[in-house]
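Because the structure is predicted, anything quoted here is derived from the model rather than measured.
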Amino acid sequence: ILNLYAKGPEDPQLRNPFPAGFKVLSVYIMDNTVYLTVSDSLSTLNSIDLVLACSSLGQTAIGITGAQTAQISCENAKLDGMNQFTVSAETIYYLDPVPTETDRSTTE
């Protein structure tokens, strides 16, 4: 499911935060944490792009598994100098609404 998610949105108004070649390699849960090992392509991101990709993946994994946190690490590479990126419900606040069909103005 997470690899399907990582393929990105079908809506052209939305952007896929994951780099080309990105894949989730393994997932396991222990003590309310979901541990994700991903392909090293994620290590090509840094700064806000890395935060967005990890937060999106982590929040999705938390939602699917019911875990409280997600810990993301690459197979071999570091993430902006870190061994892992940890995500919880408080990691990022989503304030911008996703555009929907009903958000577009209509004329009669």
Validation row: Q68, D31 side chains within 4.5 angstrom (heavy atoms): no

Same apolar cluster: F85 and L25, side chain cutoff 4.5 Å: no

side-chain contact (heavy atoms from CB on, under 4.5 Å) assessment of L2 paired with I64: CA-CA 9 Å; L2 292 173; I64 290 170; 3.9 Å; yes

Separation of L79 CG from C74 SG (nearest 0.5 Å): 4.0 Å

Residue pairs, two or more places apart or on separate chains, that pass ring-ring contact (aromatic ring centres under 6.0 Å, His included) and touch residues 32-76: Y28-Y35

4.5 Å side-chain heavy-atom contact, L57 and V24: yes

Nearest heavy-atom neighbours spanning A61 and V34: CB-CG1, 3.9 Å

Candidates N3, T37, D40, V38 - the one meeting side-chain contact (heavy atoms from CB on, under 4.5 Å) with K23: N3

Check: S43 main-chain N/O paired with D80 side-chain donor or acceptor under 3.5 Å: no

Distance, nearest 0.5 Å, that separates CZ of F18 from OG1 of T44: 12.0 Å

Straight-line distance of K78 NZ to N83 CG, nearest 0.5 Å: 4.0 Å

Gap between atom OG of S26 and atom CD of E75 - 0.5 Å precision: 8.5 Å

S39: side-chain hydrogen bond (donor to acceptor under 3.5 Å, both in side chains) partners, not counting sequence neighbours: S41

For the student: nearest non-hydrogen atoms of P17 and A53, plus distance: O-CB, 3.6 Å

Heavy-atom pair of closest approach, residues R15 and D49: NH2-OD1, 3.9 Å

Heavy-atom pair with the smallest gap, counting every atom of A67 and N32: CB-O, 3.5 Å

Partner residues of T69 under the side-chain hydrogen bond (donor to acceptor under 3.5 Å, both in side chains) criterion, sequence neighbours left out: T33

Where L14 and P9 come nearest, the two heavy atoms and their spacing: CB-CG, 3.5 Å

Beyond-backbone contact of I72 with L42, side-chain heavy atoms, under 4.5 angstrom: yes

Closest non-hydrogen atom pair, I62 against S88: CD1-CA, 4.1 Å

same_hphob_cluster(M30, L36) at 4.5 Å side-chain heavy-atom cutoff: no

